[in-house]
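Comments concern the structure below.
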Amino acid sequence: MGIKGLTKLIADEAPEAIKEHKVEHYNGRTVAVDASMAIYQFLIAIRHGSGGAAASQLTNEAGEVTSHIQGLFNRTIRMLASGIKPVFVFDGKPPTLKGGELDKRREKREKAESELKKAQEEANVEEQDRQSKRLVRAGKKESADCKKLLELMGVPWLEAPCEAEAQCAALAKIGKVYAVATEDTDTLTFATPRLLRNMTSAGDNPIKEIDYKKMLEGLGLTHAQFIDLCILMGCDYTSNIRGIGPKSALTLIKKYGDIEHVLENISKGKYQVPPEWLPRIKVRKPSSLPPSAPPSVSPVEEGDKAMPGDENACKTAEVDSKAGMEGEKEEGIKAAAIVAREVAPDEPAKSVEGEVMEMPAYVMARALFVQPEIHDPAELNFKWVEPNEAGLEAFLIDSLGFNPDRVKSGIAKLKASRGAMQQKRLDSFFKPSGSSSTSSTTLKRKEAPAAAKGKGKAKFGGKKK
DNA sequence: ACGGTCC
DNA sequence: TCGTCTGTCACAAGACCGT
DNA sequence: TGTGACTGACGAG
């Protein structure tokens, strides 16, 4: 997940964008957390018995997995205890992936399943371990468990329409949250002003904060160029160009400005531009293509002696993509975003002239980054309320079999952190936050109850009754 | 700091 | 020649608590 | 699955 090698590139090229802070620095601040990713990591990490028997998740008596609940319970308490006010953001529908990508994932999954079965028959413990990890995923059930837990804890959450990262970024951009805590660098591509890493690992090792503005300055790019850089480096939505890594991608974008112009210039060289980066004509152009040309233009295949077809492919790419992005670039991106998430990937989109062609993959990817599907962050308001003690005990102890002492001590910490939170609010009433915090700590006062829009599935707080 | 345990 | 990319491999991905 | 260490290959200068 994320952008391949982006962390390292930032560390190398824009080190001033990365700062380390102690946890205390975030005292009183609101932070958005990608819940689905956290759940996934809990499911993978929290297991036992890799020695001897096959590793297994934590479960209750009925055999239901509880690893994710255990993890989330602890982490949330930890955050609150250090004065951080988390908002958990869940993934909605997965973004429309490039054709085949979805199939590939399903194939992988099926393969892992069958390998697991085989390993079980052979009593191959190691292999069982490996394959069962591969099968782990944050499903509906797990998400629902966690939402319930959060409500009982009095911690707000919301479900994004699509990708949680995009929603988190949107919240941070307008200051509804101070920063986004995630290990996924995609979030930067959505222009999160502040990205926090190392929120997870316990204790006192500092949190790394990446400042988006400083990162752009350090790299010497605009936001649009940064998105193109990420696509070139390799993102989740597209394959990347062989031979172009982080350094070259940065150099090329700086030199030529955007992907269109990069392609123009390197297509004269010997890079293999993957087929989906070029608009694939489904219905032959009347005149501009030779009659013998196949309906779908293929990329440079291995060492062919520079067939004229290749040149045509590149030419078409230049012309078409330029035409597509010319004039109302905004409109083009908007349209692409809609196409990207609503049209089946293999379904052709009509071009202006009525020809049927496929949009280049990078245009789709760009659109998904520029115009992701999100809830209007301005309409979302969050509230941290008193934990539901009885509810938590019933859920964790009675229903899931957690250790009563641990649960009780957790609840005690929750209450303590709430006390500190109230105190903080009183303090800040008299002394407006010292640093340059932009109103992010003072966001709740009135709590417009309106936010319950018909479709917006945001839920807040733990007052179910 | 480490290793066993959490369910 | 140097820098950069590719491939392969190993490994770890949480947090608590008592020692 | 992603990341770092270490590799050989290869293009740029």
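Labels below follow one simple rule: chain letters A, B, ... track the order of the sequence lines, proteins then strands, and each chain is numbered from 1. Below, each value reflects all heavy atoms present in this structure, side chains not excepted, and no hydrogens, waters or symmetry copies.
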Closest to the A/Ala45 side chain, choosing from C/dA15, C/dA13, B/dC7 = C/dA13
Check whether any side-chain heavy atom of A/Ile253 lies under 4.5 Å from a side-chain heavy atom of A/Leu219, and answer yes or no.
-> no
Could you state the atom-to-atom distance from NE2 of A/His68 to P of B/dC7 in whole Å?
-> 14 Å
Identify which nucleotide among C/dA15, C/dG14, C/dT6 has an atom closest to any side-chain atom of A/Gln70, counting heavy atoms from C-beta outward.
-> C/dG14
Closest to side chain of A/Tyr40, choosing from D/dT1, B/dC7, C/dC5 = D/dT1
Between C/dC5, D/dT1, C/dC17, which one does the side chain of A/Lys247 approach most closely?
-> C/dC5
Measure from the side chain of A/Ser248, starting at C-beta and using heavy atoms only, and say which of B/dC6, C/dT4, C/dA13 lies closest.
-> C/dT4
How long is the line joining CG of A/Leu250 and P of C/dG3, in whole Å?
-> 17 Å
So what does A/Thr7 touch, heavy atoms closer than 4.0 Å: a base, only the sugar-phosphate, or nothing?
-> nothing
Should A/Ile207 and A/His25 count as side-chain neighbours, where that means a heavy-atom distance under 4.5 Å?
-> no
Quantified in whole Å, what is the P atom distance between nucleotide C/dA13 and nucleotide B/dC2?
-> 13 Å
For A/Arg78 and C/dC16, is the shortest distance between a side-chain N/O and OP1 or OP2 below 4.0 Å?
-> yes
Hunt down the Watson-Crick or G-U wobble partner of C/dA13, both distances under 3.5 Å, from any strand shown, or write none.
-> none
More than 12 heavy atoms of other groups within 6.0 Å of A/Lys147 NZ | yes
Take atom CE of A/Met199 and atom C1' of C/dA15, then tell me their distance rounded to the nearest Å.
-> 15 Å
Over how many whole Å does the gap from A/Asn60 atom CG to B/dC6 atom C1' extend?
-> 14 Å
Return the nucleotide paired to C/dT6: Watson-Crick means purine N1 to pyrimidine N3 with N6-O4 or O6-N4, wobble means G-U with N1-O2 and O6-N3, both under 3.5 Å.
-> none
Using a strict cut-off of less than 4.0 Å between a Lys/Arg side-chain nitrogen and an Asp/Glu carboxylate oxygen, indicate whether A/Glu260 and A/Arg366 qualify as a salt bridge.
-> yes
Of the listed nucleotides C/dT6, B/dC7, C/dA15, the one nearest the side chain of A/Phe402 | B/dC7
Presence of salt bridge, A/Lys214 and A/Glu16, under 4.0 angstrom = no
Counting only side-chain N and O atoms of A/Arg75, is one of them less than 4.0 Å from OP1 or OP2 of C/dA15?
-> yes
Touch class at under 4.0 angstrom, heavy-atom based, for A/Leu400 against every strand present = sugar-phosphate
Per atom distances to the A/Ser409 side chain, the nearest of C/dC17, B/dC7, C/dA13 is C/dC17
Contact class for A/Gly401 vs. all strands (heavy atom < 4.0 Å): base, sugar-phosphate, or nothing?
-> sugar-phosphate
Could you measure between the two P atoms, the one in D/dT1 and the one in C/dC16, and give it in whole Å?
-> 28 Å
Do other residues, nucleotides or ligands put more than 12 heavy atoms under 6.0 Å from A/Lys173 NZ?
-> yes
Rounded P spacing from B/dG3 to C/dA12 in Å | 13 Å
Whom does C/dT1 pair with, Watson-Crick or G-U wobble, provided both distances fall under 3.5 Å?
-> D/dA12
How far does the C1' atom of C/dA15 sit from the matching atom of D/dT3, given to the nearest Å?
-> 22 Å
Rounded distance in Å - CG (A/Asn240) to P (C/dT4) | 17 Å
Is A/Arg242 near enough to D/dG11 that one of its side-chain N or O atoms lies under 4.0 angstrom from OP1 or OP2?
-> no
